*Asks:* 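Here it is: the structure, laid out below.
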Amino acid sequence: MTTTDPSLSTSPIGRDTPRIDGPRKVTGLAQYTSDYHFPGMLYGVPVEATIANGKLLAVDTAAAEKMSGVRAVFHRGNIGRIFRSTPAPGFDRVCEERRPPFEDDVIHYYGQYIALAVADTFEAAKAAADAVRATYAKEAPNVEAHLEAGNDPPVVLSTYGPVERVQSKRGDAEGAFANAPVKLDETYVTPAETHNPLELHATTAMWDGDSLTLYDSTQGVVNARSVLAQMFGLAKENVRVISKFLGSGFGGKLYPWTHVPLAAAAARQLGKPLKLVVSRKMMFQSVGHRARTQQRMRLGATRDGKLVSLMHDYVYHMSMLDDYHEDCGEATPFHYSVPNLRVSFARARRNIGATADMRGPGAVPGLYATESAMNEIAELLKIDPVKFRILNEPKLDESNGLQFSSRHYVECLNTGADKFGWSRRTPEIGSMKREGLTLGWGMAGAAWIAGTFAAAANLQLRDDGTVRVACATQDIGTGTYTILAQLASQKTGVPLERIVVELGDSLLPDGPISGGSLATSSVIPPVFKAADQAIASLLIVAVTTPGSPFVEHKPDDLALKAGLVFIKTEGPARGVPFGDLLRRANVRLVTGSGSAEMTAFASNPKFSKHSFGCHFVEVTWQPEIARLRVSRVVTVMDAGRILNPLAGRNQIQGAVVMGMGMALFEETIYDRQNGAPINSNLADYMMTVNADAPPIDVTFLDYPDKEINELGARGIGEIGLAGVAAAITEAVHHATGVRVRELPVKIEDLLT
Ligand code: MOS
């Protein structure tokens, strides 16, 4: 474990720091996208296709147009031009459903927008949308759950660029598997899952001449600006996207969906601000979901527990037109030492809405399969699963020969085992009891990417002694406002209550998406550079202002600490508050700007950069009444330096709760008749609720990763979900003897 550098002892970094935006949220002052109202604002409600495959022959809007309060009903014939957006280099203009709304008359999925009713009130718009009649040439939809590999070439396009279908390969995986003394060959299935953040997707669009402003529930204002600018043929500076507070997103709000250009196009036609809020039902249809996956795992090992072959071949479903790649093999090539390995994927097109990033995309379903297979082969070997993992700990990233920037996975495993009491586990099925309940204990490992996105920031030191830090990133509920304030405080010594944070507005310096668990790591370099530049500017004021106590000095002789400017050789005791210096000079503020390039996904990295972790889970099982509960979770994370452990634990606990949902509840089910997601509401799509959540003990190892940024912080938004489902299914097996390899685990699976 590391200890805090004593020279940073007054630093807010590494301290439990309550959210600076907390009071605004709990008092209702925080404005979420759909809370904004503008004079003359109209409401738009989309009309959804009720088939999943076929052609739209006609849209009858006559009845809807005559209804009271209705301003217009838009469709392909009258919406005006909406252009197609295309990807740009460097993680810009990312979009997961590229076809502009209403571009053609082909229906590819249930819920595809076919019209938009606009009225003075939401109620009138909804009634009008319901009154629109569509006729279709209907064909049978393909929503088949079983996935057969499609006929794809060796290299396919994805949202983020071309990818090889054989993702990683070393040695002779087939041959080594054939000759392995102990083998496992099993297929693991994860269902389609739908993002269900509390806040619905919402957009309010308004035009001023050729300038478009969008209040949008987006995890990426800068990216949304680029996409929308292209869709309306505008210069980027003519588009502004604002996203001040989000009721989370889980990846579903990373990139613009079709309702966003639809709202903008309708607002353009009517010359009024227009608000469009996606319904909970539409959230299941037209704003992305996590792909269904089917993953064949073949593991071969020696009898003493050394992996000799690992094959991970998977298929996922995807929509008819889009290219989202569910990268289940993301963590497979480096997680364990194995000389012979192959990771490959195939795709199966379905009549469904676009698949998309969802918390821990790829790696989360992937690690469910790989970690489940690790547990199963450990059982075949009669080796404890913790010990088995330690036996196969790699010395370096065997997929590329690089050293890990910082990897303490074995310490995660040992710490977790100690905290959980794992040594008391008896491996026989149903052998552990407590108070009349059968206990099941299971564990699994986790990994997630690390790095930074390109980012810029601006920092002001002001004459009232306050600091303003600005960056066009977002706070999706994860604590980014607080992190930015902590960073500004770290550099200036100004307490958090005198720091103003501005984010969520594309007018600010370009910031990263709130995604990939990379926002925190990405904003550190630009904020620190901006602070250094602002401080340098302040010190020039200090030595050049007549009457300043520092006029005899050079800027280099001075420093800023705890908000005081002082002479380095004298120390801060006789320092002067920086606000006093600025007031004396009649300077309202000094500013600094900083920016940094993207380091994530580099083509020639020097180190293999990832976070690691593990989960230990206890379930209780009552066979008499078939009741399964998760009763206890211990999680250990090696995620670099943790800037705010309070928010960090909160992130990991939330992710574990979501992992329980993945293991036991969540599943989007498609109707074979019409292709609709049929459980498209919060009663039928089950998620973990408070009553399900057990005590979750989170430990951070807190090793700084100096290859990432100055503070050594990686990210923690997603890794907490990775591995949870594999740990739970292992615990279920330990309690019940039933191996469930298709999520979610259902009670009927356990009735043996
Ligand atoms: Mo995360 S799926 O990158 O919001």
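We count ligands from 1, going down the list as the structure has it; atoms in each ligand are counted the same way. None of these values were measured; they are calculated from a predicted model.
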*Asks:* Under 4.0 Å, counting heavy atoms only: does Gly516 come that close to any atom of ligand 1?
*Replies:*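 It does, in that a heavy atom of Gly516 comes within the 4.0 Å cut-off of ligand 1.
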*Asks:* Distance check, rounded to the nearest 0.5 Å: His610 atom NE2 versus His335 atom NE2?
*Replies:*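 The distance works out to 9.5 Å.
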*Asks:* Side chain, backbone, both or neither: which part of Gln219 comes within less than 4.0 Å of ligand 1 when only heavy atoms are counted?
*Replies:*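 The part of Gln219 near ligand 1 is the side chain, not the backbone.
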*Asks:* Can you sort out which atoms of ligand 1 are near Glu718, meaning under 4.0 Å from one of its heavy atoms?
*Replies:*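 That gives atoms 1 (Mo), 2 (S), 3 (O) of ligand 1.
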*Asks:* Indicate whether the side chain of Tyr481 and that of Glu502 have a donor and an acceptor atom separated by less than 3.5 Å.
*Replies:*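 Side chains of Tyr481 and Glu502: no pair found under 3.5 Å.
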*Asks:* Of all the atoms in ligand 1, which lie at a distance below 4.0 Å from a heavy atom belonging to Asp357?
*Replies:*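 The atoms of ligand 1 under 4.0 Å from a heavy atom of Asp357 are 2 (S).
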*Asks:* Show your working on salt bridge (Lys or Arg N to Asp or Glu O under 4.0 Å) between Arg641 and Glu710 and close with a plain yes or no.
*Replies:* CA-CA 10 Å; Arg641 184 126 184 251; Glu710 296 88 322; over 6 Å; no
*Asks:* Regarding Arg407 and the six-membered ring of Phe612, is the cationic atom NZ or CZ under 6.0 Å from the ring centre and inside 45° of its axis?
*Replies:*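 Positive - Arg407 is close enough to the ring of Phe612 and near enough to its axis.
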*Asks:* Under 4.0 Å, heavy atoms only, figure out whether ligand 1 is touched by the backbone of Leu254, its side chain, both or neither.
*Replies:*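 Within the 4.0 Å criterion, Leu254 contacts ligand 1 through side-chain atoms alone.
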*Asks:* I need the atoms of ligand 1 closer than 4.0 Å to a non-hydrogen atom of Gly515, numbered in the order shown.
*Replies:*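 By the 4.0 Å cutoff, the relevant atoms are 3 (O).
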*Asks:* Would the number of heavy atoms belonging to other residues, nucleotides or ligands and lying under 6.0 Å from NZ of Lys606 be above 12?
*Replies:*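 It does not: Lys606 NZ has 12 such atoms or fewer within range.
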*Asks:* Taking 4.0 angstrom as the limit and counting only heavy atoms of Arg359, give me the atoms of ligand 1 inside it, by number and element.
*Replies:*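 Numbered from 1, ligand 1 contributes 2 (S).
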*Asks:* Is there a polar contact, in the sense of an N or O pair closer than 3.5 Å, between Pro361 and ligand 1?
*Replies:*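 Looking only at distances, the answer is no, because the N/O contact criterion of under 3.5 Å is not met.
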*Asks:* Between Thr480, Thr478, Asn650, Asn644, which is the residue that forms a side-chain hydrogen bond (donor to acceptor under 3.5 Å, both in side chains) with Arg19?
*Replies:*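 Looking at Thr480, Thr478, Asn650, Asn644, the match for Arg19 under the side-chain hydrogen bond (donor to acceptor under 3.5 Å, both in side chains) is Asn650.
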